[in-house]
Amino acid sequence: GWAPNDSANNNKVTMTGGQVYAVYGGKAGDSGNATGNIVTMNGGIVADHVYSGYAANGNANGNTIEMTGGIAAEVECGGTNDGNANDNMVVVSGGTVTGYVFSGYTANGNANGNTIEMTGGVAAGVQGGTASVGNANDNVVIFSGGTLEEIDGGVSFDQGEASGNRVVMSGGTVTYCVYSGYAVNGNATGNAVDMTGGEVRGDVYGGYVDTSGNATGNTVTMTDGQVG
């Protein structure tokens, strides 16, 4: 669904084969919202992004992507240039993403309450909620199978915090690091990693501040699995 001057809501796309440049479940222009869109990818090749809901200057909330197979350069469930990306969900059980999987991404706004569940497949990494300028709070990544380079629960790059995010890992392989809450210029507070299995070849961080801010009240709980 493409609405150049309004909202794009409650659209559905199913891909089982073939090759395309990009996939949009719902694409909103101007200040419209992209809400409640669903993309199911069972096969095929997408040279660029798979978007469930994309809003140029509005909110991208409550969208869903399910990937069981195929190849894509990047997966972005709810994405916006200027607005909030909240409560989106990605479920990956197979296929290959050569770049990252984002549940909620905003260039200017908040990315809160997004979820990624991965039981199989391969990707460069996953980020539950990502805000270039804004907060990334209360996002969840559940990882039980597959191969990733990196897991980020919530990421705020500037002028925001990464708080209350959670990574739950029970299987699979991460070849680099796991971060539950990652803030470049802001606070990382109350983030948690619960690890009961799987392998992380790098480090595991509950909360991580790259440049400026405080990392407070973060936890890592490990009962099984391998780190390092």
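Because the structure is a prediction, the values reported are computed rather than measured.
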Sequence neighbours excluded, the answer for side-chain hydrogen bond (donor to acceptor under 3.5 Å, both in side chains) partners of E199 is R201
Of all heavy-atom pairs linking A162 and G154, the shortest is CB-O, 3.7 Å
Geometric class of the Y51/Y24 ring pair [parallel <30°, tilted 30-60°, perpendicular >60°]: parallel
- Query: Taking N84 for the side chain and N110 for the main chain, is one N or O donor matched with an acceptor at less than 3.5 Å?
  - Reply: yes
Heavy-atom nearest pair, A22 first then D48, reads CB-CB, 4.5 Å
Inset, instruction - Dump the intermediate steps for side chain to side chain contact (heavy atoms under 4.5 Å, CB included) on V91 and M89, then the final yes or no. - result: CA-CA 7 Å; V91 179; M89 184 167 188; 3.9 Å; yes
*State, without any angle test, whether Q159 and N185 hold a side-chain donor-acceptor pair at a distance under 3.5 Å.*
no
So OG of S7 and CG of N33: to nearest 0.5 Å the spacing works out to 4.5 Å
| query | Between N165 (side chain) and N139 (backbone), is there a donor-acceptor pair under 3.5 Å? | reply | yes
Worksheet entry | V101 reachable from Y54 in the ILVMFWY side-chain graph, under 4.5 Å edges | no
(message) Is there a side-chain contact between I38 and N63 in this structure, where contact means two heavy atoms from C-beta onward sitting under 4.5 Å apart?
(response) no
Separation between CE (M222) and CG (D224), nearest 0.5 Å, reads 7.0 Å
Closest heavy-atom pair, G53 versus A60, reported as atoms and distance to 0.1 Å, is O-CB, 3.8 Å
Side chain to side chain donor-acceptor pair (under 3.5 Å) assessment of Y105 paired with S132
CA-CA 8 Å; Y105 175 87; S132 292; 2.9 Å; yes
Q. Are side-chain heavy atoms of I65 and V50 found at a separation under 4.5 Å?
A. yes
Value for CG (N191) from OG1 (T216), rounded to nearest 0.5 Å, stands at 10.0 Å
*asked:* Would the distance check show the side chain of N187 and the main-chain N or O of G213 forming a donor-acceptor pair, the cut-off being under 3.5 Å?
replied: no
Notebook entry, point to check: Hey, quick one: are M118 and M67 part of the same hydrophobic cluster, counting side-chain heavy atoms closer than 4.5 Å, chains of contacts allowed?
Noted result: yes
Q.
Within the structure provided, determine whether F102 and N88 are in side-chain contact (heavy-atom separation under 4.5 Å).
A. no
Please determine whether side chain to side chain contact (heavy atoms under 4.5 Å, CB included) holds for the pair H49 and V75, giving the CA-CA distance in whole Å, both sets of side-chain angles, and the decisive distance to 0.1 Å. CA-CA 6 Å; H49 287 70; V75 169; over 6 Å; no
Using the rule that Ile, Leu, Val, Met, Phe, Trp and Tyr join whenever any side-chain heavy atoms are under 4.5 Å apart, tell me whether L148 and V155 fall into a single cluster. no
**OP:** Please tell me if the side chains of N37 and V39 come closer than 4.5 Å, counting only heavy atoms from C-beta onward.
**Re:** no
Find out whether M15 and V46 are in side-chain contact, i.e. whether some heavy atom of one side chain is under 4.5 Å from a heavy atom of the other.
yes
Tightest non-hydrogen contact, residues A55 and G32, listed as CB-O, 3.6 Å
Practice item. Look at the aromatic rings of Y179 and Y208 and report parallel, tilted or perpendicular, splitting at 30° and 60°. Key: perpendicular
From the list V141, V204, V220, side-chain contact (heavy atoms from CB on, under 4.5 Å) partner of V178 resolves to V204
N42-T16 side chain donor-acceptor pair, cut-off 3.5 Å: no
Minimal heavy-atom distance between A85 and G78, with the atoms involved, is CB-O, 3.6 Å
Any heavy-atom pair between the side chains of M169 and V193 that's under 4.5 Å? no
Side chain to side chain donor-acceptor pair (under 3.5 Å) assessment of Y205 paired with D152: CA-CA 10 Å; Y205 300 92; D152 302 284; over 6 Å; no
Separation between CD (E117) and OG (S144), nearest 0.5 Å, reads 8.5 Å
task: May I ask you to check whether D138 and N112 show a side-chain donor-acceptor distance below 3.5 Å?
output: no
Joint hydrophobic cluster, V97 plus V13, side-chain heavy atoms closer than 4.5 Å = yes
Within the structure provided, determine whether N10 and T35 are in side-chain contact (heavy-atom separation under 4.5 Å). no
Output for pair (E150 CD, Y176 OH), nearest 0.5 Å, gives 6.5 Å
CG (D194) and CZ (R166) are apart, to the nearest 0.5 Å, by 4.5 Å
- ILVMFWY network linking Y182 to V209, side-chain heavy atoms under 4.5 angstrom: no
Residues passing the ring-ring contact (aromatic ring centres under 6.0 Å, His included) test with F143, sequence neighbours excluded, are none
Across all chains, not counting sequence neighbours, the side chain to side chain contact (heavy atoms under 4.5 Å, CB included) partners of T196 are S170, T223
Nearest heavy-atom approach of G128 to S103 is O-CB, 3.1 Å
- Could you check if a side-chain atom of V140 sits within less than 4.5 angstrom of a side-chain atom of I142, using non-hydrogen atoms only? yes
